[in-house]
Amino acid sequence: MSPVQENSRWPRVSKFTLSACAATVAELVTFPLDLIKTRLQIQGEGSSQQHGGNVQPPKYRGMLSTALGIVREEGPLKLWQGVTPAIYRHIVYSGGRMLAYEQLRESVLGRSEDGVFPVWKAVIGSMISGALGQFIASPTDLVKVQMQMEGRRRLEGKPPRVHGVYHAFTKIVAEGGIRGLWAGWVPNVQRAALVNLGDLMTYDTVKHFLLRNTSIPDNSICHGLASICSGLVAAIMGTPADVVKTRVMNQPRDSNGRGLLYKSSTDCLVQSVRKEGFFSLYKGFLPTWFRMAPWSLTFWLTFEQMRRAMGISSF
């Protein structure tokens, strides 16, 4: 029986569940790096307005300094602040994107006659599946970013904006309505499309290239090499969109749910480059890469082993 026929027989809900479980494991392992990345990306925004036009020196000057500062000033458990909505997000996002990509690959776009999935089709499939999954999961991503910043607000003497996942959701709805849950969805979806282009397309392409052109078997070594490549490409392509997404989603809002710092993702991009330089778009790149590499490695190894354990063919 061919892999396509075998996969088509497996219930979609089971594939969704396996993807969500593997993503949850990867998220728990690497979440502190996501928190560090967010803190690095946020610092600097709005500082000129708050300090009479003078840019405030950054509090954090690197990945290690940020991590040590959080542990020393807020406690080690704060490295996992916001992990609950992050897991909720990945259940929806990763489960949805993986299921959508596989369906596009096997049923909609289709493989070539020789069984190869062309790179151009992988590009289309990965971007569509990533954008779709992220649009559905945007509310949980918004809550995650806001909860991650609560520790810094408390240290600055500011009152907390949210007191938990449920309170964050209800507060957002109360201030901006249902539409407020999708604040920042445009850069969110743009970033997801780019990250998936780097992640799914790279992993799928590199893995099957290795299987076709080298003696490496379909095992953990092959999966590990492909995941390392996918993490690097995803970080390079996704970091600028991630910076814009984080800033748009974290900005304060008026009673109508409109942002007070940025009018749109484009406005955020222009302001960031004009005030802080082009490389402000790569703030947090190293922790982004250092997180994506172990995240991809953990996710793909877990995902492939779970598929094998459940009797499903390799991805």
**Prompt:** Measuring from Glu74:CD to Arg72:CZ, what's the distance to the nearest 0.5 Å?
**Reply:** 10.5 Å

**Request:** Applying side-chain contact (heavy atoms from CB on, under 4.5 Å), run through Arg212 and Val116 and close with a yes or a no.
**Result:** CA-CA 10 Å; Arg212 289 194 307 270; Val116 175; 3.9 Å; yes

**Prompt:** Would a distance-only check, ignoring hydrogens and angles, find a side-chain to backbone donor-acceptor pair under 3.5 Å from Thr140 to Ala137?
**Reply:** yes

**Prompt:** Checking Ser112 side chain against Asp114 main chain: does a donor-acceptor pair fall under 3.5 Å?
**Reply:** no

**Message:** Checking the side chain of Glu304 only, and the main-chain atoms of Phe315 only, is there a donor and an acceptor separated by less than 3.5 Å?
**Reply:** yes

**Request:** Spell out, as yes or no, whether a donor-acceptor pair under 3.5 Å connects the side chain of Arg97 to the backbone of Gly133.
**Result:** no

**Prompt:** In terms of side-chain heavy atoms, does His208 have a donor or acceptor partner in Asp204 at a distance below 3.5 Å?
**Reply:** yes

**Asked** Do the side chains of Asp141 and Gln134 get nearer than 4.5 Å, heavy atoms only?
**Response** yes

**Asked** Considering all heavy atoms of both residues, which atom of Asp267 and which atom of Leu261 are nearest to each other, and what is their separation?
**Response** OD2-O, 4.0 Å

**Asked** If you measure only the distance, is there a donor-acceptor pair under 3.5 Å linking the side chains of Gln271 and Arg247?
**Response** no

**Item:** Ser314-Lys207 side chain donor-acceptor pair, cut-off 3.5 Å
**Value:** yes

**Asked** When hydrophobic residues are tied together by side-chain contacts of less than 4.5 Å, even through go-betweens, does Leu200 share a cluster with Phe117?
**Response** yes

**Under 3.5 Å donor-acceptor, Ser280 side chain and Ser272 backbone** = yes

**Item:** Nearest heavy atoms of Thr239 and Phe285, plus distance in Å
**Value:** OG1-CD1, 3.5 Å

**Asked** Should Trp120 and Ile124 count as side-chain neighbours, where that means a heavy-atom distance under 4.5 Å?
**Response** yes

**Request:** Kindly say whether Ile91 contributes a backbone atom to a donor-acceptor pair with the side chain of Ser94 at under 3.5 angstrom?
**Result:** no

**Message:** Check whether Lys15 reaches the backbone of Leu99 with its side chain - one donor and one acceptor, N or O, closer than 3.5 Å.
**Reply:** no

**Prompt:** Do Tyr282 and Ile36 belong to the same hydrophobic cluster, where Ile, Leu, Val, Met, Phe, Trp and Tyr are linked whenever their side-chain heavy atoms lie under 4.5 Å apart, directly or via other members?
**Reply:** yes

**Message:** Side chains of Glu27 and Trp295 only: does a donor on one sit below 3.5 Å from an acceptor on the other?
**Reply:** yes

**Residue pair Lys121, Glu106: steps toward the salt bridge (Lys or Arg N to Asp or Glu O under 4.0 Å) verdict** = CA-CA 11 Å; Lys121 288 186 178 182; Glu106 309 298 350; over 6 Å; no

**Prompt:** Checking Ser227 side chain against Gly224 main chain: does a donor-acceptor pair fall under 3.5 Å?
**Reply:** yes

**Request:** Would you sort out whether Met98 and Phe303 count as a side-chain contact (heavy atoms from CB on, under 4.5 Å), showing the intermediate values?
**Result:** CA-CA 10 Å; Met98 296 298 294; Phe303 183 57; 3.5 Å; yes

**Taking every non-hydrogen atom, the tightest pair across Val244 and Leu281** = CG2-CD2, 4.4 Å

**Asked** Are the side chain of Ser129 and the backbone of Ser126 linked by a donor-acceptor contact shorter than 3.5 Å?
**Response** yes

**Item:** Non-hydrogen side-chain atoms of Lys78 and Glu73 separated by less than 4.5 Å
**Value:** no

**Asked** Going by atom types alone, do Trp300 and Asp199 pair a side-chain donor with an acceptor below 3.5 Å?
**Response** yes

**Request:** State the CG-CG distance between Leu286 and Leu64, to the nearest 0.5 angstrom.
**Result:** 12.0 Å

**Message:** Within the supplied structure, the quantity of interest is the number of heavy atoms (other residues, nucleotides, ligands) at a distance under 6.0 Å from Leu68 CG; does it exceed 12?
**Reply:** yes

**Asked** Looking at CD1 of Ile70 and CG of Leu77, how far apart are the two atoms once the value is rounded to the nearest 0.5 Å?
**Response** 12.5 Å

**Atom pair NE2/OG1 of His90 and Thr24 - distance to nearest 0.5 Å** = 8.5 Å

**Prompt:** Is there side-chain contact between Leu225 and Val206, with heavy atoms separated by less than 4.5 Å?
**Reply:** no

**Item:** Cluster check Val186, Leu194: I/L/V/M/F/W/Y, side chain < 4.5 angstrom
**Value:** no

**Complete:** What one should report as the nearest heavy-atom pair of Phe16 and Gly96 is CE1-N, 3.4 Å

**Complete:** Note: Gly125 and Tyr101 closest approach over all heavy atoms is C-CD1, 3.6 Å

**Item:** CD1 on Ile87 to CZ on Arg89, rounded to 0.5 Å
**Value:** 12.5 Å

**Request:** Please step through side-chain contact (heavy atoms from CB on, under 4.5 Å) for the pair Tyr88 and Val143, ending with a clear verdict.
**Result:** CA-CA 10 Å; Tyr88 291 162; Val143 172; over 6 Å; no

**Message:** Any heavy-atom pair between the side chains of Leu211 and Ile216 that's under 4.5 Å?
**Reply:** no

**Between CH2 on residue Trp182 and OG on residue Ser138, distance to nearest 0.5 Å** = 8.0 Å

**Message:** Is there a path of hydrophobic side-chain contacts, each under 4.5 Å between heavy atoms of I/L/V/M/F/W/Y residues, joining Val119 to Leu197?
**Reply:** yes

**Message:** Is there a side-chain contact between Met306 and Cys21 in this structure, where contact means two heavy atoms from C-beta onward sitting under 4.5 Å apart?
**Reply:** yes

**Donor-acceptor pair, side chain of Asn219 and main chain of Cys222, under 3.5 angstrom** = yes

**Prompt:** Is there a path from Tyr166 to Leu142 through hydrophobic residues (I, L, V, M, F, W, Y) whose side chains come within less than 4.5 Å of each other?
**Reply:** no

**Fill in**
Closest non-hydrogen atoms of Asn196 and Tyr93, given as atom of the first, atom of the second and distance, are ND2-OH, 2.6 Å

**Asked** Can Met237 and Val195 be said to form a side-chain contact (heavy atoms from CB on, under 4.5 Å), step by step?
**Response** CA-CA 6 Å; Met237 301 192 68; Val195 169; over 6 Å; no

